[in-house]
Amino acid sequence: TAGLVLLSVRASERNAYQRLFRERRMEKIYVAIAPWRDDLTWLQRRVSHLREDVAAFLRMREADPAEGLPPNSETWIEPLQCLGPDARFARYRMRPVTGKRHPLRVHMAALGLPFVEDAFYPQVRCGPNDPEDCAQPLQLLAQALAFDDPITGQRRSFPRTRRLDASQCHAQNPLNTGHVQTPSNLRHRHDGKGVCGACARAEDNRVQAEDSRRAAGHRRCMREGGR
């Protein structure tokens with residue numbers, strides 16, 4: 001996964017920030033490119049029990065309901081835009097609530113929407129000793145982190161302006177010319193049964209602008225405090 005890594009400089013304060021993740025007080029936003037399905041109802045909330053897949057190295061799987069295990073993983077998923085004139089792929093935004101291993105990859109694969117260039121889901125395509133192909137990275141990006149600072153009480157936001165390379169899905173879709181479209185069932189829907197594509201993109205731009213403003217203010221405060 002590309003994007004963000006949060007580091008604590010002072011070891012004495014590290015646990016306070018780790019607690020944010022344990023107590024689910026860290027707001028995390030991811031974006032990804034995956035196949036598009038117009039037969040699903042959006043917004044999607046995926047809740048399941050994730051456990052290790054003993055049949056494959058490092059993989060997780062959703063427990064079967066017959067196993068009787070309580071949910072331990074939750075993800076909110078919404079489409080932002082479809083890619084290509086035939087709308088075979090889409091850009092998604094995801095907000096994981098829990099912090100299990102590979103929750104986004106497992107939940108999306110379970111919906112029939114595996115990420116572009118995912119070497120582990122739905123099938124394992126490389127072993128632990130196989131070299132990684134950096135020219136075709138997993139199309140999953142940690143886009144933003146936001147939280148109330150446990151030390152200062154300030155609201156912190158760390159956005160990433162980097163965008164995923166939609167051309168990664170063009171190789172899998174020869175008909176894709178790179179055009180962007182919003183499918184008809186995402187246009188101007190405000191009835192709670194779908195996501196308006198235009199509104200989703202506008203909200204995405206608004207959030208990114210607000211995150212950038214906060215990050216600029218944070219950097220300014222850090223500079224002034226270091227004088």
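Positions are given from 1, in the same order as the sequence printed here.
- Val47 and Leu50 fall into different hydrophobic clusters, where Ile, Leu, Val, Met, Phe, Trp and Tyr are joined by side-chain heavy atoms under 4.5 Å apart, directly or via other members.
- A distance-only check finds a donor-acceptor pair linking the side chain of Gln139 to the backbone of Pro137 [under 3.5 Å].
- Distance check, rounded to the nearest 0.5 Å: CD of Glu117 to CG of Leu140 gives 13.0 Å.
- Nearest approach of Trp42 to Glu78, heavy atoms of both residues: CE3-CA, 4.3 Å.
- Contact between His49 and Pro70 at its shortest, heavy atoms only, is ND1-O, 2.5 Å.
- In terms of the side-chain contact (heavy atoms from CB on, under 4.5 Å) criterion, residue partners of Ser12 (sequence neighbours excluded) are, by chain and number, Arg10.
- Hydrophobic cluster of Leu7: the remaining members, joined at side-chain heavy-atom separations below 4.5 Å, are Val5, listed by chain and number.
- Atom CG in Leu20 sits 10.5 Å away from atom CD in Glu27 (nearest 0.5 Å).
- Between Leu40 and Gln44, the closest heavy-atom pair is CB-NE2, 4.1 Å.
- Contacts of Arg45 classified as side-chain hydrogen bond (donor to acceptor under 3.5 Å, both in side chains), with partners at least two apart in sequence or in another chain: Glu74.
- Using bins of under 30°, 30° to 60° and over 60° for the plane-to-plane angle, the ring pair Phe147/Tyr17 lands in the perpendicular bin.
- When all heavy atoms of Arg91 and Ile33 are compared, the closest pair comes out as NH1-CD1, 4.2 Å.
- The minimum heavy-atom distance linking Trp36 with Pro79 is given by the pair CZ3-CB, 3.6 Å.
- Looking at residues two or more places apart in sequence or on another chain, you find a side-chain contact (heavy atoms from CB on, under 4.5 Å) between Ala34 and Tyr92, Met108, Leu113, Phe115.
- For Thr75, the side-chain hydrogen bond (donor to acceptor under 3.5 Å, both in side chains) test picks out His107, with sequence neighbours left out.
- One distance of note links CG of Asp64 with CG of Leu69; it measures 9.5 Å at 0.5 Å rounding.
- For the salt bridge (charged side-chain N to carboxylate O under 4.0 Å, His left out) criterion with Asp118, the lone passing option out of Arg105, Arg125, Arg59 is Arg105.
- Applying the side-chain hydrogen bond (donor to acceptor under 3.5 Å, both in side chains) rule to Glu23 yields the partners Arg25; only residues at least two apart in sequence or on another chain are considered.
- Between Gln143 and Leu164 the shortest side-chain heavy-atom distance does not fall below 4.5 Å.
- Arg101 contributes no side-chain N or O that, together with a main-chain N or O of Glu52, makes up a donor-acceptor pair within less than 3.5 Å.
- Hydrophobic clustering (side-chain heavy atoms under 4.5 Å, transitive across Ile, Leu, Val, Met, Phe, Trp, Tyr) groups Leu6 together with Ile151.
- With hydrogens and angles ignored, the 3.5 Å screen pairs a side-chain donor or acceptor of Arg37 with a backbone N or O of Leu111.
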> After noting the C-alpha distance and the side-chain angles of Arg22 and Asn15, does the key distance pass the side chain to side chain contact (heavy atoms under 4.5 Å, CB included) rule?
Replying inline: CA-CA 10 Å; Arg22 294 196 299 268; Asn15 185 61; 3.1 Å; yes

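- When all heavy atoms of Thr98 and Pro103 are compared, the closest pair comes out as O-CG, 4.5 Å.
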> Checking side-chain hydrogen bond (donor to acceptor under 3.5 Å, both in side chains) for the pair Arg156/Gln154: CA distance, chi angles, key distance, verdict?
Replying inline: CA-CA 6 Å; Arg156 303 286 192 187; Gln154 291 179 300; 3.2 Å; yes

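- A distance of 9.5 Å separates CE of Met60 from OG of Ser48, quoted to the nearest 0.5 Å.
- With a 4.5 Å cut-off on side-chain heavy atoms, Met94 and Ile29 do not count as touching.
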